[in-house]
Participant: 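So that we are looking at the same thing, I have put the structure below in structure tokens.
One is the number of the first residue; the rest follow in order along the sequence. Please read all numbers here as calculations on a predicted model, not as lab measurements. Scope of the values below: all heavy atoms of this structure, side chains included, with no hydrogens, waters or symmetry mates.
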Amino acid sequence: MKKILQIGIAILCCFLITGCTQDEASAPPKKEPVPKINTTPKQEEIVPTKTGTDVNPETLKIPVLMYHSINTNVKNNLITPPDEFDAQMKWLKDNNYHTITLAELDELLLTGKNVPDKPIVITFDDGYQDNYTNAYPILKKYDLKANIFVITAKIAKNNHFDEAALKEMSDYGIEMDSHTVHHQELNTLTYTEQLKELKDSKAVLEKLTGKPVNSICYPVGRHNEDTERAAKAAGYAMGFTTAAGKANKNDGMYTLPRVRMVPGISMQAALQ
């Protein structure tokens, strides 16, 4: 009996072992974990696009054109007729000149780095109403940059454009720079008086435009050593005169010349 019981237990164990083996064989194979693959694209280093060439700043000369009024009523050599101005701007565009702002000119003169082909600056003195009504549409027509030296005490007075026009042109990209508050000949003022004229006009323009004011143009081109010190102390990077010539850092960054544009002159002749 005991022997029969042992045989039965042995048989039962065999069945159990066989069943387990069959269950394991029929069970689906365990999946090995799939390694995660990083699908995030590799960030490439961004290299600034070089759009110009490097030039020795000692020899780099850039023309800064000096305009005043753009008007058909040509009473003096400060007024350029609109049709002449249009022809001059078209010539610049057709001949692949690259207009830059005074803020851009500053770094180019000092470093000579990444200078665009045929750089040129267009400036207007005083802030006449016709800069807005006549010159501004032509500048937009040819997609050109420009700068206006504004007499801040004359904004919206005596045939000068108002704050709305100033803001519109600034928003478009025309740079507003200083021509002092009252347009007094700076070399007749004390250093303290000059500094106030330069600081106050800068503050007004920066408040109106929300942009830094980079440059000062001295009224009637008059200046002295105090003027240059005041311009630097007031936070300007450059000062411009009415002396004739193309801008080069060796002229002195606070005594830079310009190219005077008078009625009847062609752009080709002006840039010779």
Side-chain angles (χ1 to χ4, degrees), residues 57-68 78 99-112 115 119-128 131 145-155 160 166 170 174-209 211-261:
E58 298 295 324
T59 59
L60 176 63
K61 293 185 177 182
I62 297 178
V64 179
L65 306 181
M66 177 177 58
Y67 289 96
H68 287 76
L78 300 181
T99 54
I100 59 176
T101 65
L102 292 175
E104 294 170 313
L105 176 69
D106 175 27
E107 184 176 357
L108 293 181
L109 289 181
L110 290 174
T111 68
V115 179
I120 194 166
V121 183
I122 301 169
T123 68
F124 300 85
D125 289 9
D126 302 328
Y128 292 111
N131 291 177
K145 299 178 181 179
N147 309 258
I148 301 177
F149 291 112
V150 181
I151 306 169
T152 56
K154 292 188 177 182
I155 295 174
H160 290 69
L166 185 152
S170 175
I174 294 177
E175 188 177 283
M176 299 295 162
D177 291 288
S178 173
H179 204 26
T180 74
V181 178
H182 299 102
H183 200 257
Q184 295 174 279
E185 294 184 15
L186 293 172
N187 62 336
T188 66
L189 306 179
T190 67
Y191 172 79
T192 301
E193 290 169 336
Q194 291 192 54
L195 184 61
K196 181 173 174 56
E197 281 283 322
L198 272 56
K199 290 180 71 173
D200 289 356
S201 59
K202 188 175 192 292
V204 168
L205 293 171
E206 289 180 341
K207 183 177 180 181
L208 288 174
T209 64
K211 301 175 183 178
V213 171
N214 182 68
S215 301
I216 172 76
C217 170
Y218 311 131
V220 203
R222 302 286 194 271
H223 63 95
N224 56 23
E225 290 183 3
D226 282 345
T227 312
E228 296 169 40
R229 290 197 300 117
K232 187 174 182 179
Y236 294 98
M238 294 182 294
F240 288 85
T241 70
T242 56
K246 297 177 182 179
N248 173 271
K249 73 170 188 174
N250 293 325
D251 296 311
M253 294 300 285
Y254 294 98
T255 52
L256 292 166
R258 290 184 289 169
V259 177
R260 183 183 291 273
M261 301 301 294

Participant: Looking only at heavy atoms, what is the nearest atom pair of Ile62 and Pro119, with distance?
Facilitator: CG2-O, 3.8 Å

Participant: If you define the side chain from C-beta out and look only at heavy atoms, does anything of Glu197 sit under 4.5 Å from His182?
Facilitator: yes

Participant: According to salt bridge (charged side-chain N to carboxylate O under 4.0 Å, His left out), who are the partners of Arg260, at least two apart in sequence or on a separate chain?
Facilitator: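 None.
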
Participant: Taking C-beta and beyond as the side chain, do Leu208 and Val204 meet within less than 4.5 Å on heavy atoms?
Facilitator: yes

Participant: So which atom in Thr227 and which in His223 form the shortest heavy-atom distance, rounded to 0.1 Å?
Facilitator: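 That would be OG1-CA, 3.5 Å.
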
Participant: How about Asp126 and Lys154: do any of their side-chain heavy atoms sit closer than 4.5 Å?
Facilitator: no

Participant: Could you please spell out the steps behind the side chain to side chain contact (heavy atoms under 4.5 Å, CB included) verdict for Thr99 and Val121?
Facilitator: CA-CA 6 Å; Thr99 54; Val121 183; over 6 Å; no

Participant: State, with a plain yes or no, whether a side-chain heavy atom of Val64 is found less than 4.5 Å away from one of Met238.
Facilitator: no

Participant: Working to the nearest 0.5 angstrom, can you tell me the gap between Asp200 CG and Leu195 CG?
Facilitator: 8.5 Å

Participant: Taking atom types as modelled, find out whether Asn248 and Asn250 have a side-chain donor-acceptor pair closer than 3.5 angstrom.
Facilitator: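 Yes.
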
Participant: Taking the side chain from Thr123 and the backbone from Leu65, do they hold a donor-acceptor pair closer than 3.5 Å?
Facilitator: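 It does hold such a pair.
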
Participant: Enter the distance from Asn214:CG to Glu104:CD here, rounded to the nearest 0.5 Å.
Facilitator: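 The CD atom of Glu104 is 10.0 Å from CG of Asn214, to the nearest 0.5 Å.
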
Participant: Looking at every heavy atom in both Asp177 and Leu102, which two are closest together, and how far apart are they?
Facilitator: OD2-CD1, 3.6 Å

Participant: How would you list, by chain and number, every residue that makes a side-chain hydrogen bond (donor to acceptor under 3.5 Å, both in side chains) with Glu206, sequence neighbours excluded?
Facilitator: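 Per chain and number, Glu206 pairs via side-chain hydrogen bond (donor to acceptor under 3.5 Å, both in side chains) with Lys202.
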
Participant: To the nearest 0.5 Å, what is the distance between CD1 on Ile148 and CG on Asn131?
Facilitator: 4.5 Å

Participant: Counting N and O atoms only, with roles assigned by atom type, does the side chain of Thr241 sit under 3.5 Å from a partner on the main chain of Leu256, one being a donor and the other an acceptor?
Facilitator: yes

Participant: Indicate the atoms forming the closest heavy-atom contact of Lys61 with Pro63, along with that distance.
Facilitator: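 That would be O-CD, 4.1 Å.
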
Participant: Can you sort out the partners of Lys249 under salt bridge (charged side-chain N to carboxylate O under 4.0 Å, His left out), two or more places apart, ordered by chain and number?
Facilitator: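 In terms of salt bridge (charged side-chain N to carboxylate O under 4.0 Å, His left out), with neighbours along the sequence ignored, Lys249 is linked to Glu58.
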
Participant: Can a donor-acceptor pair be found, under 3.5 Å and without considering hydrogens, that links the side chain of Thr111 to the backbone of Glu107?
Facilitator: yes

Participant: Picking from His160, His68, His179, what satisfies ring-ring contact (aromatic ring centres under 6.0 Å, His included) with Tyr128?
Facilitator: His160

Participant: Look up atom OG1 in Thr209 and atom CD1 in Ile174, then write down how far apart they are to the nearest 0.5 Å.
Facilitator: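 These two atoms lie 13.0 Å from each other.
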
Participant: Could you tell me the separation between the NZ atom of Lys232 and the CE atom of Met253, rounded to the nearest 0.5 Å?
Facilitator: 11.5 Å

Participant: Tell me if a side-chain donor or acceptor on Gln194 pairs with a main-chain N or O of Leu186 at a distance below 3.5 Å.
Facilitator: yes

Participant: Closest heavy-atom contact between Pro257 and Asp251?
Facilitator: CD-OD2, 3.4 Å

Participant: Taking all non-hydrogen atoms of both residues, which atom of Tyr218 and which atom of Gly239 are closest, and how far apart?
Facilitator: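 For Tyr218 and Gly239, the tightest heavy-atom pair comes out as OH-CA, 3.5 Å.
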
Participant: Apply side chain to side chain contact (heavy atoms under 4.5 Å, CB included) to the pair Met66 and Cys217, showing each step before the final yes or no.
Facilitator: CA-CA 10 Å; Met66 177 177 58; Cys217 170; over 6 Å; no

Participant: If only atom types and distance count, is the side chain of Tyr236 paired as donor or acceptor with the main-chain N or O of Tyr254 below 3.5 Å?
Facilitator: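 No; judged by distance alone, with no hydrogens or angles, the pair does not exist.
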
Participant: If I take atom CD from residue Gln184 and atom CZ from residue Arg222, how far apart are they, to the nearest 0.5 angstrom?
Facilitator: 14.0 Å

Participant: Measure from the side-chain N and O atoms of Ser178 to the backbone N and O of Ile216, and report whether any donor-acceptor pair falls under 3.5 Å.
Facilitator: no

